[in-house]
Amino acid sequence: MAFRGFKRRSELWTYDVYPKVFEAGKRVCVHINAAGGRNIFDADVKYTAVIKWYHGGRINENPPTAVHIELDITPDANGGFTVDTVFPHEGEYSIGVVNSADGRKRSIVTFAVYALEKDLIGMYPFIGDMHMHTCCSDGRQTPEKVAASYRGHGYDFLAITDHRRYYPSLRAIESFKNIPTDYALIPGEEVHLPDINGFTVSPHTINFGGEYSVNGLIEGSCNEEPGKEKKYRSIREDCPDVMTRAEFAAKMTALAEKEKANCPADVDPRNAAVLRWLYNEIRNAGGLAVFPHPTWIASDTFHDADAINDWLVENRIFDAFEVLGGENYFEQNGYQTVRYYEDMARGYRYPVVGSTDSHNCTPENRNGFICSTIVFSPENERKALINSVKEFRSVAVDTISEEFRVVGEMRYVRYACFLLKNWFPLHNDACFEEGRLMNLVFFGTESEKENALATLNAMSGRMKAMREKYFAFK
């Protein structure tokens with residue numbers, strides 16, 4: 001069964017627990033409010049809150065590590081209560097509520113919270129996508145439609161990365177610049193460089209957040225379609241000049257000669273030269289250089305040869321690896337995940353991201369919502385997101401099937417699993433309405449556009465307030 005949205009824990013419907021995330025080893029008050037009906041705790045009944053740390057094991061089997069705290073709790077006038085205690089270690093905790101009077105010691109309901117070490121306090125979870133397409137290349141919808149639709153799906157940030165084109169991402173940014181939302185639209189492109197005297201350069205590369213287009217450094221569609229002004233290929237004034245294709249070929253040929261001495265026999269020095277130049281150019285532009293989909297099956301072979309993949313990893317040419325994305329067959333994401341963990345075992349550590357590589361943002365497209373990235377960042381802003389990924393604070397999320405999977409380092413995978421069950425369902429509810437209104441601003445009737453903009457103005461700041469409620473970072 002295809003993924004249809006993060007499954008919320010049942011108590012998210014009937015209780016409001018906040019904060020959900022806080023600092024380990026520091027006293028915190030967790031408020032648990034009931035949503036009425038039979039969920040209200042009776043003021044005349046004695047209850048006990050039993051707190052357990054997932055990672056310590058059960059107290060009767062692992063006494064040296066287990067956390068087992070029992071607290072008497074008294075319901076307030078609204079039928080809720082507060083747990084005031086210290087959660088000593090990083091990780092997920094359960095808060096089980098026991099009716100102390102019935103003698104059965106069985107939890108009536110269990111809540112989940114998460115404690116973080118100090119270095120992650122202030123790092124909020126933002127979910128988004130670094131690789132997708134619009135009708136400006138080979139996708140189906142406009143940049144405006146794609147951006148609004150993915151906000152409705154729950155994305156905090158998005159980069160449109162059309163093939164050979166940077167300007168569609170700028171078009172989306174410009175379109176929404178005066179619409180009040182904390183949705184971050186990031187410049188981007190999928191880079192395909194011209195042949196070098198008949199030699200086809202491989203592989204593709206994602207420029208996420210670069211301040212100028214790398215495609216636009218060489219004459220071609222990125223410059224010809226919208227116009228050659230810098231405003232279509234850069235968000236800063238000092239971007240490099242455009243080369244002719246002949247100049248590019250000559251430059252890469254010279255760099256390939258320098259690569260020959262150190263290039264392994266199974267890697268063409270022209271590929272090595274171009275890729276080294278390309279990834280460095282993305283970094284010069286202030287972007288995140290992402291290595292995408294090496295085991296995507298294209299023309300009956302993998303997109304990239306194993307030898308190129310090994311060279312990219314062993315020489316740490318890229319900034320982040322798109323470990324998940326694009327297709328739902330096992331060979332792509334399965335093989336890429338195995339590579340990531342085997343590379344880690346070999347001593348090659350690099351950040352990972354997940355992307356849809358979407359070409360159609362409508363719900364019937366199974367691959368339109370296939371993978372994403374969670375970044376733990378102080379801000380939902382281009383530079384902060386890029387720096388956070390480079391500092392390894394990201395995981396890739398697989399939503400190919402009904403049950404999600406997460407790829408990354410264990411500390412962040414555990415935290416992400418908690419968030420996908422306990423935070424993102426609430427977050428996505430709020431995003432859905434915002435995305436619907438963003439769509440109306442562009443595609444509704446005149447009265448719908450006016451009402452949608454007024455509602456978005458009234459909603460402004462809501463997501464920030466939600467984060468500050470559920471994450472005790474201040």
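These numbers were taken from a predicted model, which means no experiment stands behind them. Nothing fancy with the numbering, it's 1 onward along the sequence.
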Side chain to side chain, N333 and C371, heavy atoms closer than 4.5 Å: yes
Which residue pairs satisfy the salt bridge (Lys or Arg N to Asp or Glu O under 4.0 Å) criterion with at least one member in residues 131-144, sequence neighbours excluded? E144-R171
Determine, step by step, whether R339 and E342 satisfy the salt bridge (Lys or Arg N to Asp or Glu O under 4.0 Å) criterion, reporting the C-alpha distance in whole Å, the side-chain angles of both residues, the deciding distance to 0.1 Å, and the verdict. CA-CA 5 Å; R339 163 173 280 282; E342 286 194 347; over 6 Å; no
In Y340, Y350, F321, the residue satisfying ring-ring contact (aromatic ring centres under 6.0 Å, His included) with F291 is F321
With salt bridge (Lys or Arg N to Asp or Glu O under 4.0 Å) as the test, would you mind laying out the steps for R27 and D84 before giving the verdict? CA-CA 7 Å; R27 184 167 290 276; D84 182 355; 3.1 Å; yes
Between CD1 of I51 and CD1 of I95, what distance do you get to the nearest 0.5 Å? 5.0 Å
If you round to the nearest 0.5 Å, how far is CG of N78 from NE2 of H31? 13.0 Å
is_close_aromatic(Y183, F157), centroid dist under 6.0 Å: no
Could you name each residue pair satisfying side-chain hydrogen bond (donor to acceptor under 3.5 Å, both in side chains) that touches residues 110-122, not counting sequence neighbours? D119-R411
When you check the side-chain N and O atoms of R283 and N280, is any donor under 3.5 Å from an acceptor? yes
Test item: V98 and I108 side chains (from C-beta on) under 4.5 Å apart, heavy atoms: no
Pairing residues for E468 by the side chain to side chain contact (heavy atoms under 4.5 Å, CB included) criterion, not counting sequence neighbours: Y124, K464, K474
When rounded to the nearest 0.5 Å, the distance separating CD1 of I186 from CG of D129 is 12.0 Å
Would you give the length of the straight line joining atom OH of Y415 to atom CZ of R393, rounded to the nearest 0.5 angstrom? 11.5 Å
Working to the nearest 0.5 angstrom, can you tell me the gap between L456 CG and R436 CZ? 9.5 Å
What residues, two or more places apart in sequence or in another chain, satisfy side chain to side chain contact (heavy atoms under 4.5 Å, CB included) together with H68? V50, K52, I59, E70
One pair to check against side-chain hydrogen bond (donor to acceptor under 3.5 Å, both in side chains): N99 and Y47. What are the steps and the verdict? CA-CA 5 Å; N99 183 333; Y47 297 98; 5.6 Å; no
Just checking E450: does its CD atom have more than 12 heavy atoms from other residues, nucleotides or ligands closer to it than 6.0 angstrom? no
Check: E189/S213 side-chain N/O donor and acceptor closer than 3.5 Å: yes
Please, which pairs that meet ring pair (Phe, Tyr, Trp, His ring centres under 6.0 Å) have at least one residue in residues 133-152, sequence neighbours excluded? H131-H133, H133-H163, H133-H359, Y150-Y155, Y150-F369
In Å, rounded to the nearest 0.5 Å, how long is the span from CD1 of I173 to CG of L185? 6.0 Å
Let me know which of W53, F22, Y54 forms a ring-ring contact (aromatic ring centres under 6.0 Å, His included) with F87. F22
Would you mind reporting whether E314 and R346 have side-chain heavy atoms less than 4.5 Å apart? yes
May I ask you to say whether R349 pairs ionically with D343, meaning some side-chain N is under 4.0 Å from a carboxylate O? no
side-chain hydrogen bond (donor to acceptor under 3.5 Å, both in side chains) with R236: which residues, sequence neighbours excluded? E211, D238
Is there side-chain contact between L275 and W311, with at least one heavy-atom pair below 4.5 Å? yes
